[in-house]
Protein chains: 2
Amino acid sequence: MDKNDLLPIGELARRTGLAVSAIRFYEDKGLIQAMRTMGNQRRFLRSDIRRLSFILIAQKLGLGLSEIEAELATLPQGRTPTLSDWQKLSRSVRVALDAKIQLLTRTRAKLDECIGCGCLSLQRCQLYNRDDRAGAGGGTGPRYVLD
Amino acid sequence: MDKNDLLPIGELARRTGLAVSAIRFYEDKGLIQAMRTMGNQRRFLRSDIRRLSFILIAQKLGLGLSEIEAELATLPQGRTPTLSDWQKLSRSVRVALDAKIQLLTRTRAKLDECIGCGCLSLQRCQLYNRDDRAGAGGGTGPRYVLD
DNA sequence: GCTTGACCTCAAGTTAGCTTGAGGTTGCAT
DNA sequence: ATGCAACCTCAAGCTAACTTGAGGTCAAGC
């Protein structure tokens with residue numbers, strides 16, 4: 001009931017739906033850690049399923065891996081995260097999500113104004129207000145837009 | 001009052017806030033077209049300012065260049081787009097935006113359920129429903145998530 | 001004991017959306 | 001007519017988030 005709790009990478013992949021290569025990639029990036037067998041094979045904790053699941057959800061919400069790493073870093077080290085630890089994380093993500101929705105909603109309102117005036121013009125249209133130009137979309141976008 | 005209306009690339013860059021290299025890149029991708037002087041320099045129409053502005057806005061809303069290209073393709077060819085042409089486009093983008101907001105909002109609702117149950121578990125949590133896993137975030141994300 | 005599938009590392013390739021650099025030409029002002 | 005900023009092309013580089021491939025090892029069943 002001890003070694004039984006250690007999963008090889010393929011198992012973890014099966015359980016989470018991630019590709020084996022993706023999990024190795026995440027380990028490389030420090031998002032997840034693994035023990036090694038004598039034969040140098042990775043063995044993961046059961047709780048890593050949840051960790052990876054969290055990564056998937058957070059990505060789905062548009063967070064980048066580095067942001068996710070930051071979130072995960074708030075989990076307690078040394079011990080397996082409890083349910084309430086995860087709830088805390090979820091709430092933190094919820095906040096980020098709220099912000100994203102708000103931003104999109106505000107942008108939509110401006111777009112509506114723009115449809116009204118039909119301008120799409122740099123000088124007049126609110127959508128071009130520099131101050132407001134940060135991180136609106138979820139995507140990568142050109143530097144300029146994300147400045 | 002004719003040649004006067006043709007802008008060199010630097011002008012266009014200044015007016016839109018885009019980098020010259022970005023504009024050339026967009027031309028390469030077919031998002032915008034230019035005439036050439038005898039000396040092989042690009043000359044753009046005034047209406048291209050608006051075209052580029054549209055690209056910026058659409059990107060801000062999380063659309064990819066290929067999606068934007070598709071939108072732009074609905075503009076009339078041969079003549080300079082009218083105000084009402086642009087309004088039509090704006091409305092089309094508004095629809096996409098609505099969808100994006102809805103998706104995020106639904107996801108938020110599920111996240112709330114998840115906070116409630118605290119599971120984050122592949123078997124039980126709605127967030128993991130495969131059928132629902134398509135294109136939620138704005139970002140690129142792993143293939144798997146966007147399938 | 002040997003085959004087979006899961007595992008290992010490390011390097012290079014992929015897509016998106018650009019930027020940077022090298023090396024060369026144009027065009028406007030003086 | 002000359003200087004210099006702005007323009008040109010083409011190739012390579014960059015970040016994110018992975019995948020693919022080459023070449024090799026481990027472990028479990030027959």
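Chain naming here is simple, since letters A, B, ... match the order of the sequence lines and numbering starts at 1 in each. All heavy atoms count here, side chains included; hydrogens, waters and symmetry mates do not.
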Under 4.0 Å, heavy atoms only, any strand: does A:R24 hit a base, just the sugar-phosphate, or nothing?
base

Mind calculating the distance between CD (B:E27) and C1' (D:dC7) to the nearest angstrom?
13 Å

My understanding is that only residues two or more places apart in sequence, or in another chain, count here; which of them pass salt bridge (charged side-chain N to carboxylate O under 4.0 Å, His left out) with A:R43?
none

Mind listing the closest non-hydrogen atom pair of A:W86 and A:R50 along with its distance?
NE1-CD, 3.1 Å

To the nearest angstrom, how far is A:R14 atom CZ from C:dG5 atom P?
17 Å

Nucleotide of D:dC8, C:dC7, D:dT20 approaching A:P8 most closely (side-chain heavy atoms)
C:dC7

How many Å lie between CG on B:L12 and P on D:dA6, as a whole number?
16 Å

Using whole Å, what does the distance between atom C1' of nucleotide D:dT9 and atom CZ of B:R36 come to?
9 Å

Please set out all donor-acceptor pairs under 3.5 angstrom arising from side-chain atoms of residues 72-81 of chain A, sequence neighbours excluded.
from, atom 1, to, atom 2, distance (Å)
A:T74, OG1, A:E71, O, 2.7
A:R79, NH1, A:D85, OD2, 2.7

If the test is side chain to side chain contact (heavy atoms under 4.5 Å, CB included), which one of B:F25, B:F54, B:Y26 qualifies with B:L31?
B:Y26

Nearest to the side chain of A:I9, which nucleotide is it out of D:dA17, C:dC7, C:dT19?
C:dC7

I'd like to know whether B:F44 forms a side chain to side chain contact (heavy atoms under 4.5 Å, CB included) with B:L6, so could you lay out the CA-CA distance, the side-chain angles of the two residues, the decisive distance to 0.1 Å, and finally the verdict.
CA-CA 5 Å; B:F44 296 88; B:L6 293 177; over 6 Å; no

Assign each of B:R42 and A:I55 the nucleotide of DNA chain D bearing its closest heavy atom; nearer the 5' end lies the nucleotide of B:R42

How long is the line joining CD of A:E69 and P of D:dA16, in whole Å?
11 Å

Distance in angstrom units between A:Y26 OH and D:dT19 P, rounded
8 Å

Audit row: A:D98, A:R94, side chain to side chain contact (heavy atoms under 4.5 Å, CB included) steps and yes/no:
CA-CA 6 Å; A:D98 281 348; A:R94 157 90 205 219; 3.2 Å; yes

When you check the gap from the basic side-chain N to the acidic O, do B:R36 and B:E27 get nearer than 4.0 Å?
yes

Tell me: CG of B:L52 to C1' of C:dG17, nearest whole Å?
15 Å

Could you list, one pair per line, each protein nitrogen or oxygen that sits under 3.5 Å from a nitrogen or oxygen of nucleotides 25-30 of chain C, together with the distance?
from, atom 1, to, atom 2, distance (Å)
C:dT26, O4', B:Q41, NE2, 3.4
C:dG27, OP1, B:T37, OG1, 3.3

Closest listed nucleotide, where the reference is the side chain of B:S21 and the choices are D:dT19, C:dC8, C:dT20:
C:dT20

Roughly how many Å is it from CZ in A:F25 to P in D:dT20, rounded to a whole number?
14 Å

